[in-house]
Amino acid sequence: MKNIVVGLGEILWDVFPERKVLGGAPANFAYHVSQFGFNGYAVSAIGEDLLGKEILSSLEEKKLNYLVEKTDYPTGTVQVTLNKSGVPQYEICENVAWDNIPFTARTENLAKNTQTVCFGSLAQRSAVSRDTIRKFLAAMPEDSLKIFDINLRLDYYTREIIEESLQMANMMKINDEEVIKIAALFDWNGEEQDICKRLLDEYDLNILILTKGTEGSFVFTPRQTSYQSTPKVHVADTVGAGDSFTAAFVAAYLHGERIEDAHQLAVEVSAYVCLQHGAMPKLADAYLELFHNRG
């Protein structure tokens, strides 16, 4: 039960016009962090249906640990269409299994042994999963890392959910579009960086990551700011790139790397994922070997 890093929330099929691929930000995160040698776990729920069975088969194939409960609700799907730049547009089905993740004795036991968790706002659109996420975070050890990867989709969020999540977290990831939405929701004025620093300060966060697509990314801490430009690559699609960014950064950070070095790795890994189709490609060996020979 060592080095457990959990992605907690939605697990689903991203259904493209010509294929379907396993997805859901927390599951993507767990998969990528497991590639870096951590004990990654996807925690979610599926239905008693063929799509649910296929999810479990896919997780087994990817050798990803999971605690995925079965429910009476259908397994989640998202209809994904890509624009000319390869940027995805989502149509997310409602009242599905991951909206109803139960908090079981197994879930509580895993939480008590979890070093790091990544959770978002999307899975909190329903009361059941929102309650499970809160209980999971409350059961974790005191010195654990709790990452709020905000993931604002459609109208599946409220100011209350965001504020409560920020109060439970000690690290946040947000993109440039989400910063604008947060500023409007909180009635805050200022440039992107000002909003980010205010979030960092007011919610006593240790780290805040801001991604800006092709315009680069920032990592803010109370003492420093790191900026990295985005590599120019031929994008296949950007699905899961942000989740791989978070996973690579967290892997390096947990290994004691400097913020700047963790940031550099995150940028390189997410650019690599943009070259591949789907959210969970196998990473290049050069990335995977970085930490495997360390203590």
Which donor-acceptor pairs under 3.5 Å do the side chains of residues 129-137 make with protein atoms, sequence neighbours left out?
{"residue": "Ser129", "atom": "OG", "partner": "Trp98", "partner atom": "O", "Å": "2.7"}
{"residue": "Ser129", "atom": "OG", "partner": "Asp99", "partner atom": "O", "Å": "3.1"}
{"residue": "Ser129", "atom": "OG", "partner": "Asn100", "partner atom": "N", "Å": "3.3"}
{"residue": "Ser129", "atom": "OG", "partner": "Ile101", "partner atom": "N", "Å": "3.1"}
{"residue": "Arg130", "atom": "NH1", "partner": "Gln124", "partner atom": "O", "Å": "2.6"}
{"residue": "Asp131", "atom": "OD2", "partner": "Lys135", "partner atom": "NZ", "Å": "3.1"}
{"residue": "Thr132", "atom": "OG1", "partner": "Ile101", "partner atom": "O", "Å": "2.6"}
{"residue": "Thr132", "atom": "OG1", "partner": "Phe103", "partner atom": "N", "Å": "3.4"}
{"residue": "Thr132", "atom": "OG1", "partner": "Val128", "partner atom": "O", "Å": "3.3"}
{"residue": "Arg134", "atom": "NE", "partner": "Glu164", "partner atom": "OE1", "Å": "3.4"}
{"residue": "Arg134", "atom": "NH2", "partner": "Glu164", "partner atom": "OE1", "Å": "2.2"}

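- Gln115 places none of its side-chain heavy atoms less than 4.5 Å from the side chain of Ser144.
- Asp49 CG to Ile55 CD1: the interatomic distance, rounded to the nearest 0.5 Å, is 8.0 Å.
- Other residues, nucleotides and ligands contribute more than 12 heavy atoms inside 6.0 Å of the CD atom of Gln224.
- At a threshold of 4.5 Å between non-hydrogen side-chain atoms, the residues Val179 and Cys196 count as touching.
- Side-chain contact between Ile4 and Leu110: present, with at least one pair of heavy atoms (C-beta onward) separated by less than 4.5 Å.
- Put simply, the side chain of Lys212 does not reach to within 4.5 Å of the side chain of Asn175, judged on heavy atoms.
- Atoms CD1 and CD1, from Ile209 and Ile150 in turn, are 13.5 Å apart once rounded to the nearest 0.5 Å.
- For Asp187, the CG atom is loosely surrounded, since the number of other residues' heavy atoms within 6.0 Å does not exceed 12.
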Q | Verdict with supporting geometry, Val117 and Leu8, side chain to side chain contact (heavy atoms under 4.5 Å, CB included) | A | CA-CA 7 Å; Val117 68; Leu8 172 60; 3.9 Å; yes
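- Listed by chain and residue number, Asn170 satisfy the side chain to side chain contact (heavy atoms under 4.5 Å, CB included) test with Asn206 (two or more places apart in sequence, or in another chain).
- You'll find the side chain of Leu59 stays beyond 4.5 Å of the side chain of Asn65, heavy atoms only.
- For Glu54, the side chain to side chain donor-acceptor pair (under 3.5 Å) criterion is met by Lys20, not counting sequence neighbours.
- Of all the heavy atoms in Ile174 and Leu208, the pair that sits closest is CG2-CD2, 4.0 Å.
- Atom CD1 of Ile162 is separated from atom CG of Leu152 by 5.0 Å, given to the nearest 0.5 angstrom.
- Every side chain to side chain donor-acceptor pair (under 3.5 Å) that Asn151 has, sequence neighbours left out, goes to Glu10, Arg153.
- Qualifying side chain to side chain contact (heavy atoms under 4.5 Å, CB included) partners for Pro222, counting only residues two or more places apart in sequence or in other chains: Leu200.
- Less than 6.0 angstrom separates the ring centroid of Phe38 from the ring centroid of His255.
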**Q.** side chain to side chain contact (heavy atoms under 4.5 Å, CB included) between Asn28 and Ser244, worked out
**A.** CA-CA 7 Å; Asn28 297 340; Ser244 69; over 6 Å; no
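- The side chain to side chain donor-acceptor pair (under 3.5 Å) test applied to Thr107 returns Thr104, not counting sequence neighbours.
- Between Tyr157 and Leu122, the closest side-chain pair of non-hydrogen atoms is not below 4.5 Å.
- Side-chain contact check for Thr71 versus Val96: every heavy-atom pair is 4.5 Å or farther apart.
- The salt bridge (charged side-chain N to carboxylate O under 4.0 Å, His left out) check on Glu260 picks up Arg258, with sequence neighbours excluded.
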Q) Checking side chain to side chain contact (heavy atoms under 4.5 Å, CB included) for the pair Gln228/Gln264: CA distance, chi angles, key distance, verdict? A) CA-CA 7 Å; Gln228 292 277 350; Gln264 176 69 42; 2.8 Å; yes
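- In the hydrophobic cluster analysis, where Ile, Leu, Val, Met, Phe, Trp and Tyr join through side-chain heavy atoms closer than 4.5 angstrom, Trp13 is grouped together with Leu56.
- Under the ring-ring contact (aromatic ring centres under 6.0 Å, His included) criterion, Phe220 pairs with Phe218, not counting sequence neighbours.
- The hydrophobic cluster containing Ile147 does not contain Ile161, counting ILVMFWY residues as joined when their side-chain heavy atoms lie under 4.5 angstrom apart, directly or transitively.
- Leu145 and Val33 end up in the same hydrophobic cluster when Ile, Leu, Val, Met, Phe, Trp and Tyr side chains are linked at under 4.5 Å.
- Once rounded to the nearest 0.5 Å, the distance linking NZ of Lys197 with CG of Leu210 reads 11.0 Å.
- Linking Ile, Leu, Val, Met, Phe, Trp and Tyr whenever their side-chain heavy atoms come within less than 4.5 Å puts Met171 and Phe36 in one cluster.
- Listed by first and then second residue, the ring pair (Phe, Tyr, Trp, His ring centres under 6.0 Å) pairs that reach into residues 179-211 are Phe186-Trp188, sequence neighbours excluded.
- Side-chain N/O atoms of His263 and Ser226 include a donor and acceptor closer than 3.5 Å.
- The line from CE of Met168 to CE of Met140 is 11.0 Å long, rounded to the nearest 0.5 Å.
- Within the 3.5 Å criterion, the main-chain N or O of Thr221 finds no donor-acceptor partner in the side chain of Thr225.
- Residues satisfying the ring-ring contact (aromatic ring centres under 6.0 Å, His included) test with Phe119, not counting sequence neighbours, are Phe148.
- Tyr73 and Tyr66 are assigned to two separate hydrophobic clusters, defined by single-linkage of ILVMFWY side chains at heavy-atom distances under 4.5 Å.
- When the side chain to side chain contact (heavy atoms under 4.5 Å, CB included) test is applied to Gln79, the partners found at least two apart in sequence or on another chain are Val15, Glu91.
- Interatomic distance, CD of Glu192 versus CD1 of Ile180, reported as 6.0 Å (0.5 Å rounding).
- Note on Arg159 versus Glu163: salt bridge recorded, some NZ/NE/NH1/NH2 to OD/OE distance being below 4.0 Å.
- Taking each heavy atom of Leu64 and Ala42 in turn, the nearest pair found is CD2-CB, 4.1 Å.
- No side-chain donor-acceptor contact under 3.5 Å links Asp201 to the backbone of Arg198.
- Proximity of Val5 to Tyr41: side-chain heavy atoms (C-beta onward) are nowhere separated by under 4.5 Å.
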Q: For the pair Ile207 and Phe249, evaluate side chain to side chain contact (heavy atoms under 4.5 Å, CB included) and give the outcome as yes or no after the intermediate values.
A: CA-CA 11 Å; Ile207 296 172; Phe249 181 89; 4.0 Å; yes
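- Each salt bridge (charged side-chain N to carboxylate O under 4.0 Å, His left out) pair with one or both residues in residues 26-43, not counting sequence neighbours, would appear here, but there are none.
- Between Glu69 and Arg106 there is a salt bridge, with a side-chain nitrogen of the basic residue lying less than 4.0 Å from a carboxylate oxygen of the acidic one.
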